[in-house]
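Some notes on the structure that comes next.
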Amino acid sequence: MKKILLSFCMLGCSAFGQTATNFNCNDCAAANHDLFTELNAGKVVVICWVMPCSTCISGALSAQSACQSFSASNPGQVYYYCVDDVANTSCSTLLSWCNTNGIINTTALFSNATINMTDYGTAGMPKVVVLGDQNHTVYYNQNNPNITTLGIQTAIGNALSAIAIGVKENENVSFASLNVFPNPANTSSKLSFSLAKDSKC
């Protein structure tokens with residue numbers, strides 16, 4: 001029953017049950033990245049698309065703050081990618097914009113059209129997605145002004161929980177309600193639920 005509940009939480013917290021779109025390309029430092037290889041290795045990948053522009057600063061900082069909040073508890077497991085929206089900004093300009101605005105804890109910078117924000121619905125600056133687990137699940141998908149540090153943290157926490165447990169999706173479970181508190185959590189959470197109909201464990 002625990003696996004079923006956690007599986008439902010994983011599904012409920014994902015962005016419309018959407019899955020990630022793979023990419024294989026080099027970052028601004030010429031290092032190669034294959035998204036699905038990174039997710040399959042247990043990484044959580046947070047992607048923030050920027051123009052770059054002044055409107056994009058707060059969303060990029062929220063994503064950075066959320067990622068950094070896991071640096072002690074999950075070192076090296078949460079990747080933060082800052083990506084030019086349509087790959088028309090040079091890497092040096094993107095790096096300068098990041099440094100000027102305090103966005104200094106990225107795992108990698110990209111100006112590569114292979115990483116396409118429209119794979120995750122509508123464009124809009126900034127745009128943040130949180131991707132994780134071997135099912136390549138989208139846990140968060142927001143455009144400005146709906147981006148929040150807490151929302152990104154919650155999504156990262158859910159992705160890390162799914163990775164740790166290795167939960168498989170079960171789409172045949174129906175819940176009338178499901179709540180996890182606190183979320184995210186460092187050591188424990190309380191899960192309360194009610195079933196919509198009788199069910200066997």
Side-chain angles (χ1 to χ4, degrees), residues 3-25 27 33-51 56 59-60 62-64 66-67 70 74 77-87 106-108 110 112-175 177-180 183-184 193 196:
K3 284 186 178 182
I4 293 171
L5 293 173
L6 290 170
S7 178
F8 180 81
C9 180
M10 184 174 80
L11 288 171
C13 297
S14 68
F16 317 112
Q18 185 181 15
T19 56
T21 300
N22 196 29
F23 62 78
N24 185 307
C25 64
D27 64 21
H33 297 265
D34 184 274
L35 176 63
F36 283 5
T37 298
E38 292 169 344
L39 297 179
N40 292 343
K43 308 301 181 186
V44 174
V45 177
V46 178
I47 303 174
C48 180
W49 284 272
V50 298
M51 280 181 122
C56 297
S62 291
Q64 175 177 260
C67 293
F70 291 91
N74 298 83
Q77 194 171 2
V78 179
Y79 288 179
Y80 176 34
Y81 295 157
C82 187
V83 181
D84 183 65
D85 62 339
V86 292
T106 60
T107 306
F110 294 84
N112 193 310
T114 303
I115 309 175
N116 192 336
M117 81 176 84
T118 60
D119 290 335
Y120 302 95
T122 59
M125 294 303 102
K127 182 178 186 73
V128 175
V129 296
V130 176
L131 314 171
D133 75 54
Q134 292 190 355
N135 294 320
H136 312 144
T137 303
V138 179
Y139 287 88
Y140 185 87
N141 183 350
Q142 294 292 335
N143 295 56
N144 189 54
N146 299 314
I147 295 168
T148 65
T149 301
L150 180 59
I152 299 168
Q153 285 174 324
T154 300
I156 294 170
N158 289 334
L160 289 169
S161 294
I163 292 165
I165 297 168
V167 175
K168 299 294 182 190
E169 293 184 8
N170 184 339
E171 298 178 1
N172 298 320
V173 179
S174 297
F175 291 89
S177 67
L178 177 70
N179 297 299
V180 180
N183 188 0
F193 66 93

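Keep in mind the model is a prediction, meaning the values are calculated, not measured.
Listed by chain and number, the residues in a ring-ring contact (aromatic ring centres under 6.0 Å, His included) with His136 are Phe36 (sequence neighbours excluded).
Heavy-atom neighbours of Met125 CE from other residues, nucleotides or ligands within 6.0 Å: above the threshold of 12.
With hydrogens and angles ignored, the 3.5 Å screen pairs no side-chain donor or acceptor of Lys127 with any backbone N or O of Ile47. A donor-acceptor pair is defined here as one N or O able to donate and one able to accept, closer than 3.5 Å; such a pair exists between the side chain of Asp34 and the backbone of Thr37. Between the side chain of Gln153 and the main chain of Phe70, no donor-acceptor pair closer than 3.5 Å is present. Under the 3.5 Å distance criterion, the side-chain polar atoms of Asn143 are matched with a main-chain donor or acceptor of Gly124. Of the possible polar contacts, none joining the Trp49 side chain to the Ala123 backbone as a donor-acceptor pair under 3.5 Å is found. A donor-acceptor pair is defined here as one N or O able to donate and one able to accept, closer than 3.5 Å; no such pair exists between the side chain of Asp133 and the backbone of Ala162. No side-chain donor-acceptor contact under 3.5 Å links Tyr80 to the backbone of Ala66.
Using modelled atom types, one finds a donor on one side chain and an acceptor on the other under 3.5 Å when comparing Thr114 with Asn112.
His33 has its ring centre less than 6.0 Å from the ring centre of Phe110.
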* To do: Go through the steps for Tyr120 and Leu131 under the test side chain to side chain contact (heavy atoms under 4.5 Å, CB included), then give the verdict.
  => CA-CA 11 Å; Tyr120 302 95; Leu131 314 171; 3.7 Å; yes
